[in-house]
2 protein chains.
Amino acid sequence: MTTPEENKLIYYVKKWVNITKDDESAILSAFEQASIRKKKDLLVPGEICKYNYFIVKGCIRTYYIDDKGVEHIYHIRFDNNWAGDLESFFSQKPSKYYIEALEDTQYIRISKDRLDQLYDEVPAFDRYFRILFQKAYVNTLKRLNANMWEPAIDRYKDMLKEHPDMFQRVPLTYIASYLGITPESLSRIRKKNNQ
Amino acid sequence: MTTPEENKLIYYVKKWVNITKDDESAILSAFEQASIRKKKDLLVPGEICKYNYFIVKGCIRTYYIDDKGVEHIYHIRFDNNWAGDLESFFSQKPSKYYIEALEDTQYIRISKDRLDQLYDEVPAFDRYFRILFQKAYVNTLKRLNANMWEPAIDRYKDMLKEHPDMFQRVPLTYIASYLGITPESLSRIRKKNNQ
DNA sequence: AACTTCACTTGACATAGGTCAATTTTATTT
DNA sequence: AAATAAAATTGACCTATGTCAAGTGAAGTT
């Protein structure tokens with residue numbers, strides 16, 4: 001956790017947009033490097049999400065707690081993915097979510113003001129996020145559809161296939177919540193699936 | 001359907017980004033105006049979604065048909081909203097969706113090439129879509145969460161409150177599908193809700 | 001190593017919502 | 001206006017998943 005590692009942000013940005021060497025340094029210098037310990041929170045309800053986070057190495061979950069005190073997980077993200085409460089970040093209004101490290105995590109972060117500045121400085125970064133959000137939107141629609149019309153066992157099998165790593169790094173309870181079912185149901189699904 | 005009406009695209013773009021008069025005409029001239037009759041398709045499965053559509057006046061639904069022959073609706077959109085299969089449009093690969101007019105509809109449309117050109121010409125348009133997709137993404141996450149953890153009756157009441165117009169313009173069967181339930185269930189929910 | 005906490009499993013039972021089939025109501029077409 | 005098709009309702013029954021409670025196992029802490 002002490003030695004800062006190289007981040008792959010530029011590599012991933014370049015997958016979608018063309019940027020100059022100058023853009024690269026403008027982007028990198030807009031971020032601060034930091035880290036957080038397992039089980040610690042980057043954000044708690046009531047706080048404004050002041051930063052957008054790019055995970056260099058580690059694991060982050062976003063969740064909220066409903067009226068009955070039950071946790072519901074929005075996403076679980078690993079290395080080289082973004083985390084943050086976009087709504088609170090964009091509007092700079094209080095969030096209702098927890099953002100928590102599930103592993104010791106290294107990240108880089110950017111504030112709203114700095115990001116807005118960067119968008120002006122490097123229009124390609126605007127485009128990068130346009131593409132990213134478009135993809136996130138399409139993926140979420142698919143996740144929604146699967147939740148509406150596919151049985152939980154199919155969603156489970158899909159996850160096994162698409163994110164096998166998840167089962168190595170994340171407790172089943174959290175995976176269940178992400179899949180939209182209870183831990184008990186996931187346990188039964190897994191039992192059935194192994195027979 | 002014959003007299004072309006003014007579209008409000010510029011008005012809605014300006015809600016989110018600053019554009020010059022020149023940008024305005026660049027944007028408007030990139031679109032073609034057209035219309036489609038009720039029950040006709042803008043897109044059918046297997047086709048590439050060649051255009052992104054901005055609805056000037058009317059109503060459009062996006063849906064697919066599953067293995068069992070059942071329709072599932074992704075969205076229902078009215079005046080001054082976008083429609084299209086983003087995934088197919090962006091990748092220029094065949095779609096699996098139907099996009100159908102639920103009313104006689106006037107729209108403007110833009111092709112992938114023309115839009116890419118426009119993004120280069122007017123960077124603010126890139127930003128406009130970045131903001132739009134971000135909002136769409138956040139909204140879809142909320143819709144997903146409601147579908148996972150809230151009972152259908154709450155989703156129904158929410159829709160009554162947020163989109164009362166929907167019930168005037170769209171058959172209940174479609175609304176049911178959008179809410180992630182069967183028409184029978186929606187019928188029962190409505191009965192219960194009226195007593 | 002013992003203690004405590006958290007994660008996972010299992011069983012008995014409950015329930016929201018689905019399925020299928022029949023019927024009524026409302027729209028659309030001739 | 002009559003004929004037809006489409007949409008909505010209702011009933012009987014079914015099933016996937018939730019709920020609650022108990023028990024086991026694994027992991028982290030002192």
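The structure presented is a predicted model; accordingly, all values stated were derived computationally and were not measured. Every heavy atom of this structure was used, including side-chain atoms; hydrogens, water molecules and symmetry mates were not. Below, read A as the first sequence line, B as the second, and so on, with proteins coming before strands; counting in each chain starts at 1.
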Rounded off to whole Å, could you give me the [atom1]-to-[atom2] distance for the [X] and [N] pair?
X: A:Asn147; N: D:dA16; atom1: CG; atom2: P; value: 17 Å
X: B:Glu103; N: C:dT28; atom1: CD; atom2: P; value: 12 Å
X: B:Ile175; N: D:dA7; atom1: CD1; atom2: C1'; value: 12 Å
X: B:Arg169; N: C:dT26; atom1: CZ; atom2: C1'; value: 20 Å
X: A:Lys191; N: D:dT24; atom1: NZ; atom2: P; value: 15 Å
X: A:Asp104; N: D:dG28; atom1: CG; atom2: C1'; value: 14 Å
X: A:Leu102; N: D:dG28; atom1: CG; atom2: C1'; value: 16 Å
X: B:Lys38; N: C:dA27; atom1: NZ; atom2: C1'; value: 9 Å

field: Shortest non-hydrogen separation from B:Ile76 to B:Ile73 and the atoms involved
entry: CG1-CG2, 3.8 Å
Any ion pair linking [Y] and [X] (charged N to carboxylate O, less than 4.0 Å)?
X: A:Asp85; Y: A:Lys50; answer: no
X: B:Glu87; Y: A:Lys142; answer: yes
X: A:Asp158; Y: A:Arg143; answer: no
X: A:Asp104; Y: A:Lys38; answer: no

field: Nearest-nucleotide 5' precedence on DNA chain D, B:Arg190 against B:Lys39
entry: B:Lys39
- request: Indicate for each nucleotide in nucleotides 15-24 of chain C, in 5' to 3' sequence, whether protein heavy atoms under 4.0 Å reach the base (B), only the sugar-phosphate (S), or nothing (-).
  value: --SSBB----
Regarding [X] and the six-membered ring of [Y], is the cationic atom NZ or CZ under 6.0 Å from the ring centre and inside 45° of its axis?
X: B:Lys112; Y: B:Tyr51; value: no
X: B:Arg77; Y: B:Tyr53; value: no
X: A:Arg61; Y: A:Tyr174; value: yes

query: Among C:dA7, C:dG11, D:dT10, which nucleotide sits nearest the side chain of A:Thr173?
result: C:dA7
query: Is a donor on one side and an acceptor on the other found under 3.5 Å between the side chain of B:Arg155 and the backbone of B:Leu179?
result: yes
statement: The bend of the helix from C:dA1-D:dT30 to C:dT30-D:dA1, taken between the axes of its five terminal pairs at each end and rounded to 10°, is 60°
